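Computed over heavy atoms, backbone and side chain alike; hydrogens, waters and symmetry mates excluded. One is the number of the first residue; the rest follow in order along the sequence. Source: prediction; values computed, not measured.
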Amino acid sequence: MLYMILERFKNQNPLPVYQRFLDKGRLAPDGLIYVSSWVDTNFHICFQIIQTHDPKLIDLWIANWSDIVDFEVFPIIPSKEAADFLLPLLNQKPNP
């Protein structure tokens, strides 16, 4: 399963986060896979994609960072999967 994690740097300060990452790494438990991430240009929020088969691992990972980051976790699916799921529910009209 994929998850979008929004990490809001506490006090809008990314320096403690980057320092901890430099000192200790991602601090992710085995089974939690980093996919990719982006940071807004104000350095207030990191948008991170992770993958895991055990959502409890997300809580373990968050515990390593919750003193300097506020988290929001969203289970996500690729857009293609969403479209495939929703297509049968749509009112389909024939193309003229």
Practice problem: May I have all residue pairs that pass side chain to side chain donor-acceptor pair (under 3.5 Å) and include part of residues 56-69, sequence neighbours excluded? | Solution: Arg20-Asp67
Self-check item: Transitive ILVMFWY side-chain link Phe71 to Ile33, under 4.5 Å
Solution: no
Exercise. Indicate if Tyr34 and Ile62 have the same hydrophobic cluster label, given that clusters are the connected sets of ILVMFWY residues with side-chain heavy-atom separations under 4.5 angstrom.
Key: no
Quiz item: Would Leu15 and Gln19 satisfy side-chain contact (heavy atoms from CB on, under 4.5 Å), going step by step from the backbone distance to the final call?
Solution: CA-CA 6 Å; Leu15 296 178; Gln19 187 63 58; over 6 Å; no
Quiz item: If you take all heavy atoms of Ile5 and Ile58, which pair is closest and at what distance?
Solution: CD1-CG2, 4.4 Å
Practice problem: Take atom CZ of Phe43 as the centre, draw a 6.0 Å sphere, and report whether it contains more than 12 heavy atoms from other residues, nucleotides or ligands. | Solution: no
Just list the side-chain donor-acceptor pairs under 3.5 Å for residues 77-86, sequence neighbours left out, or say none.
unit_1, atom_1, unit_2, atom_2, d
Lys80, NZ, Asp84, OD1, 2.9
Lys80, NZ, Asp84, OD2, 3.0

Quiz prompt | Connected-component partners of Met4 among ILVMFWY, side-chain separation under 4.5 Å | solution = Leu2, Leu6, Val35, Trp38, Ile45, Phe47, Ile49, Phe74, Ile76
Quiz item: Less than 4.5 Å apart, any side-chain heavy atom of Met1 and any of Pro75?
Solution: yes
Practice problem: Is it possible for you to say whether Phe9 and Phe21 belong to one hydrophobic cluster, with membership spreading through side-chain heavy-atom contacts below 4.5 Å? | Solution: yes
Practice problem: Kindly check if the number of other-residue, nucleotide or ligand heavy atoms within 6.0 Å of CG (Asn11) is above 12? | Solution: no
